[in-house]
Amino acid sequence: MKSLVRDYGIDVSRETQARLERFADLFLKWAARINLIAPSTIEQVWARHIVDSLQIRNIVPQPGRWIDIGSGGGFPGIITAITLAESQDGWIDLVESNNKKCSFLRMALTETGGRGKVHPVRIEEAVKSLAAPDFISARALADLDGLFGYVIPWAETNPDLRLIFHKGRDYQVEIDKARGRWDFDLIKHQSVVEADSVILEIASLTRRV
């Protein structure tokens, strides 16, 4: 699958490729037992999920402190943890309230050597216990307005916080809705996997009074 990753303009080391392949094998075994992603997309796990998550590497190439909310099946959180292992720097805290998914995420970190830790709590609780990071990621969790509601406590303590959110074809509707309640700077990164999808890079998030 290394050629597939490179076909999308993403270059990884041999060690990172081995970690990604180990994760893919583990993911497919667990996905047969618990609901990690939509069953209809399991056969596309490399392009639809792994490569899609790897796009973050091109947007944020430098290591840093991350929080991934609603980590679920490990996208993009575990993939970020794997890329941080390559740089031997940075860290990601994975926030997931489902205990079965947390078990999978812990196993994935152990098996791949990813740099991260799983927190089996709701996002509202994680806000109280985790310091504001450099970056927050989320994928298939909530609309933009809902995501802003989750992360605003961190944004208020770190004005340099950057949000990296995967969004599908209705992303403009979500942006327009969020503009009614929030002020923020926005960069749209076109997905290399899905023509109608984007990764939104957001900074300077504040709540409108």
Do Pro133 and Leu161 come within less than 4.5 Å of each other through their side chains, counting heavy atoms only?
yes

Test item: His166 side-chain N/O and Asp52 main-chain N/O as donor-acceptor pair under 3.5 Å:
yes

Donor-acceptor pair, distance only, cut-off 3.5 Å: does the side chain of Ser53 make one with the backbone of His49?
yes

Taking the side chain as every heavy atom from C-beta outward, state whether Ile69 and Leu147 have any pair of such atoms under 4.5 Å apart.
yes

Between His119 and Glu96, do the side chains contain a donor N or O and an acceptor N or O under 3.5 Å apart?
no

How about Lys188 and Gln172: does a side-chain donor come under 3.5 Å of a side-chain acceptor?
yes

Within the 3.5 Å criterion, strictly below it, is a donor on Thr80 or Thr83 matched to an acceptor on the partner's side chain?
no

Quick one: does Arg208's side chain have a donor or acceptor within less than 3.5 Å of a partner on Arg179's backbone?
yes

Determine, using the 4.5 Å side-chain heavy-atom cutoff (strictly less than), whether Leu28 and Trp30 are members of one ILVMFWY cluster.
yes

Is there a donor-acceptor contact under 3.5 Å linking the side chains of Trp66 and Asp68?
no

Are Val60 and Ile164 side-chain neighbours, meaning at least one heavy-atom pair lies under 4.5 Å?
yes

Given side chains that start at C-beta, do those of Val151 and Leu205 come closer than 4.5 Å, heavy atoms only?
yes

Taking the side chain as every heavy atom from C-beta outward, state whether Asp145 and Glu174 have any pair of such atoms under 4.5 Å apart.
no

With a cut-off of 3.5 Å and sequence neighbours excluded, list every side-chain donor-acceptor pair involving residues 102-110.
from   : atom 1 : to     : atom 2 : distance (Å)
Ser103 : OG     : Asn99  : O      : 3.2
Thr110 : OG1    : Arg106 : O      : 3.0

Just so I know, are the side chains of Lys100 and Arg33 near enough to count as touching, which here means a heavy-atom distance under 4.5 Å?
no

Between Leu186 and Phe148, is there shared hydrophobic-cluster membership here, with clusters defined by ILVMFWY side-chain heavy atoms closer than 4.5 Å?
yes

Begin from the C-alpha positions of Phe165 and Tyr171 and carry the test ring-ring contact (aromatic ring centres under 6.0 Å, His included) through to its verdict.
CA-CA 10 Å; Phe165 296 148; Tyr171 68 88; over 10 Å; no

State, yes or no, whether a side-chain contact exists between Lys117 and Trp91 at a heavy-atom distance under 4.5 Å.
yes

Say whether, by atom type as modelled, one donor and one acceptor occur between the side chain of Gln190 and the main chain of Val198 under 3.5 angstrom.
no

Please confirm whether the backbone N or O of Ile136 pairs with a side-chain atom of Trp154, one donor and one acceptor, at under 3.5 Å?
no

